[in-house]
Amino acid sequence: DKYAFWETQPVAQFSEGGEGAEGPIDAPKTVDDVRSEPYYLPDSFEWSVCNLNNDAVVEEVYELLSNNYVEDDDSMFRFKYSANFLKWCLLCPGHRLEWLVGVRVTASQKLVGFISAIPANIRVSDNTVAMVEINFLCVHKKLRSKRLAPLLIKEITRRVNKCNIWQAAYTAGVLLPKPVATCRYYHRSLNPRKLIDVGFSRLAPRMTMARTIKLYKLPETTSTPGLRECRPDDVLQVTELLNAHLGLYKVAPKFVPEEVAHWFQNIDNVINTFVVESPSTPGRVTDLVSFYTLPSSILGHPQHTELKAAYLYYVVVTSVPLRQLVSDALVLAATRGYDVFNALDVMNNGTFLRELKFGQGDGQLHYYLYNWRLGAGCSISPQDVGLVLM
Ligand SMILES: COc1cccc(CC(=N)NC(=O)c2cccnc2OC2CCNCC2)c1
């Protein structure tokens, strides 16, 4: 039936209520309990570690995702992660190449499937758990319903379990057993004419294009004194600022400085991070805002081929209003030529979405934990989610 695979997995099921204590779902296992050989693939396919240190392999993963990864509900857009983004995201501190799992057609060596895991220390309530974040599950369009996705999930689980990690976090637009939180996404127009041309947005009733462009117009410059790009020497203060803020949420990562140096660096068109250095106390970092770049292919449009989108990553304020710092991020994205700025209603984002003219998107993003049951009702509100996945 519909969830045949997921009913075999250690995930909260729709059938269960809120009973059961918080913690692992499966009985504890050791790495010796985990099978040493890979799962069997159908004939003519083979497992293949995708070593993203090899740019030719990066290109293959890039091509597979660009043509076969997630589309919006109306199949007008498809995520188009760049090669540089994939290297940044998957070759992160603590990465393991055997966790970058591909499926190839043996005869042609064509890459037709992929799934990835990267390590993260995630706090759930007051438990800090060594997990992986699962992402980029993709099966070539021509090979759907061959049950390759359950095999990719079982194989990445086996490889992660072999490293003595038993929990995972992942997100999906589709409903699976069983979300720990269901979030909504919001879009802030930066280039309304293009968004309307390509059908991403529609002219509001009784609004003209001229009026709409005026509505979304942003200043040329940012307003926060001391706002500048994050630098490597900010890492220790950013780590403290971020961990202190994320302590407010029920599910959130805990970062060590080496991870902050990676996730909050500046690589144009991949990740941009800004800090506020207090003008009154030089050297003191008081606020943080970052966004990542995830373009989308525009499917079947004569003029435009790509939507340039920024996705809000983490924001922490201690010296300026949250809406002021996010407004400055909008200005920074707009001046860099982004068409739209996206955000989820997680953390305290809800306090600025409407006043900064974000419009609600038409979909949901569900958050999931693998082999971890939440206590007390087993789901949380978006405001309790302190985790942003790529
Ligand atoms: C505009 O092009 C799209 C191409 C594919 C799908 C979607 C809708 C969608 N599913 N959006 C999101 O999931 C989303 C919306 C706002 C912020 N983050 C998001 O997802 C992130 C996090 C999960 N992995 C994908 C990127 C839009």
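Both counts, for ligands and for their atoms, begin at 1 and track the order of listing.
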As a check for students: among [options], identify the option with a heavy atom nearest to [atom].
{"atom": "atom 21 (C) of ligand 1", "options": "Tyr292, Phe79, Tyr69", "result": "Tyr292"}
{"atom": "atom 24 (N) of ligand 1", "options": "Gln364, Arg78, Lys80, Met390", "result": "Met390"}
{"atom": "atom 19 (C) of ligand 1", "options": "Tyr186, Tyr170, Tyr311", "result": "Tyr311"}
{"atom": "atom 27 (C) of ligand 1", "options": "Asp72, Val340, Val70", "result": "Asp72"}
{"atom": "atom 20 (O) of ligand 1", "options": "Asp74, Thr171, Val388, Leu365", "result": "Leu365"}

Just by distance, with hydrogens left out, do [X] and [Y] show a side-chain donor and acceptor under 3.5 Å apart?
{"X": "Ser297", "Y": "Arg78", "answer": "no"}
{"X": "Ser381", "Y": "Gln383", "answer": "yes"}
{"X": "Gln360", "Y": "Tyr186", "answer": "yes"}

Next item on the list: Please examine the side chains of Tyr81 and Val270, heavy atoms only from C-beta on, and report whether any two atoms are closer than 4.5 Å.
Entry: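 No, every pair of side-chain atoms sits at 4.5 Å or beyond.
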Item checked: For Phe291 against Ala329, the heavy-atom pair lying closest together ->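 For Phe291 versus Ala329, the nearest heavy atoms are CE2-O, 4.2 Å.
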Provide the number and element of each atom of ligand 1 under 4.0 Å from a heavy atom of [X].
{"X": "Leu294", "answer": "26 (C)"}
{"X": "Glu71", "answer": "5 (C), 6 (C)"}
{"X": "Ser296", "answer": "1 (C), 2 (O), 3 (C), 4 (C)"}
{"X": "Leu389", "answer": "22 (C)"}

Next item on the list: Give the intermediate values and the outcome of salt bridge (charged side-chain N to carboxylate O under 4.0 Å, His left out) for residues Glu7 and Lys2.
Entry: CA-CA 9 Å; Glu7 282 160 10; Lys2 187 163 166 51; over 6 Å; no
With a 4.0 Å cut-off on heavy atoms, is [X] touching ligand 1?
{"X": "Phe200", "result": "yes"}
{"X": "Tyr81", "result": "yes"}
{"X": "Phe136", "result": "no"}

Next item on the list: Pick out which of Trp88, Tyr292, Tyr313 makes a ring-ring contact (aromatic ring centres under 6.0 Å, His included) with Phe264.
Entry: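 Only one option passes, and that is Tyr313.
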Check: Within 45° of the ring axis of Phe200 and under 6.0 Å from its six-membered ring centre, is that where the NZ or CZ of Arg202 lies?
Finding: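 No, Arg202 does not sit over the ring of Phe200.
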Next item on the list: Verify, without hydrogens or angle tests, whether Arg123 (side chain) and Thr128 (backbone) share a donor-acceptor contact under 3.5 angstrom.
Entry: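 Not confirmed, Arg123 side chain does not pair with Thr128 backbone.
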Margin query: Could you identify the single nearest non-hydrogen protein atom to atom 10 (N) of ligand 1 and state the distance to 0.1 Å?
Written below: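 The closest heavy atom on the protein side is Tyr185 OH, 3.7 Å.
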